[in-house]
Every structure is written in structure tokens, then in C-alpha cells.
Asker: 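Provided herewith is a single structure, encoded as C-alpha cells, for subsequent inquiry.
Every number for a ligand or one of its atoms is a count from 1 in the order of the listing.
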Amino acid sequence: MGKLIMLVAVFAAAWWLLKRYVRSLHQDAPPPPAVAEDMVRCAHCGVHLPRSESLALDGKLFCSEEHSRLER
Ligand SMILES: [Zn+2]
């Protein structure tokens, strides 16, 4: 019986160490590279924003619909 408890304890310790090791691997891994997105400038107020969030009008880019209207 004593041997069984010993075996369980060894397995538990090994499992704990493995989990700790896997966690440390995840922490050391560099963060995934951010997808580089073009930054564009609002033609009205000059604020910089990602191209996907900008509004294109007459070949100009704006940060919001309001600014695209003001520039028209
Ligand atoms: Zn703007």
C-alpha cells in the first residue's frame, strides 16, 4: 500500500512539473506578430487611424463620416 501511495505521489509531482513546464513555455513564447496595417491620416483633422477604420471619399481618407462631410 505504501508503494502505491509513493507511486501516486511521484506521478502527481511529475504531472505538476509537466504542467509548470508547459506554462513556462507559453509565457516565454514571443507574442504573435501583430498584423501590420497601414496607418492613414484623416484629411480633415489629421488623426492617424488604421486604413480599415478609415473612410475613403474622393481619394481622401477620413476618420469619421462627419469629417468626410465637413471636407466636401
Ligand atoms: Zn478626422
Side-chain angles (χ1 to χ4, degrees):
M1 191 61 191
K3 267 188 177 173
L4 187 70
I5 290 169
M6 190 73 170
L7 206 67
V8 169
V10 168
F11 269 109
W15 178 247
W16 178 76
L17 279 170
L18 189 76
K19 263 170 68 171
R20 216 174 63 150
Y21 174 68
V22 168
R23 203 176 304 152
S24 76
L25 278 184
H26 281 291
Q27 278 172 356
D28 291 344
V35 178
E37 194 175 355
D38 271 4
M39 293 299 278
V40 295
R41 195 167 167 273
C42 174
H44 182 75
C45 66
V47 79
H48 286 84
L49 69 157
R51 185 177 286 273
S52 61
E53 287 174 30
S54 68
L55 251 138
L57 194 88
D58 299 335
K60 289 177 182 174
L61 294 159
F62 300 94
C63 66
S64 60
E65 206 174 308
E66 193 192 340
H67 283 182
S68 71
R69 234 179 331 187
L70 286 169
E71 197 72 13
R72 223 178 305 192

Asker: For the atom pair CD (Glu65) and CG (Leu57), what is the distance rounded to the nearest 0.5 Å?
Answerer: 9.5 Å

Asker: Ignoring hydrogens, what is the shortest heavy-atom contact between Phe62 and Cys42? Give both atom names and the distance.
Answerer: CA-SG, 3.8 Å

Asker: Output a table of donor-acceptor pairs, distance under 3.5 Å, between side-chain atoms of residues 43-52 and any protein atom two or more places apart or on a different chain; print 'none' if there are none.
Answerer:
residue	atom	partner	partner atom	Å
His44	ND1	Glu71	OE1	2.9
Ser52	OG	Glu37	OE2	2.5

Asker: Would you mind listing the cluster partners of Leu17? Hydrophobic ones only (ILVMFWY), side-chain contacts under 4.5 Å, chaining allowed.
Answerer: Trp16

Asker: Would one find more than 12 heavy atoms of other residues, nucleotides or ligands at under 6.0 Å from atom CE of Met6?
Answerer: no

Asker: Output all residues satisfying side chain to side chain contact (heavy atoms under 4.5 Å, CB included) with Trp15, sequence neighbours left out; order by chain, then residue number.
Answerer: Leu18, Lys19

Asker: Report, as a single number, the protein N, O or S atoms less than 2.8 Å from the Zn ion (ligand 1).
Answerer: 4

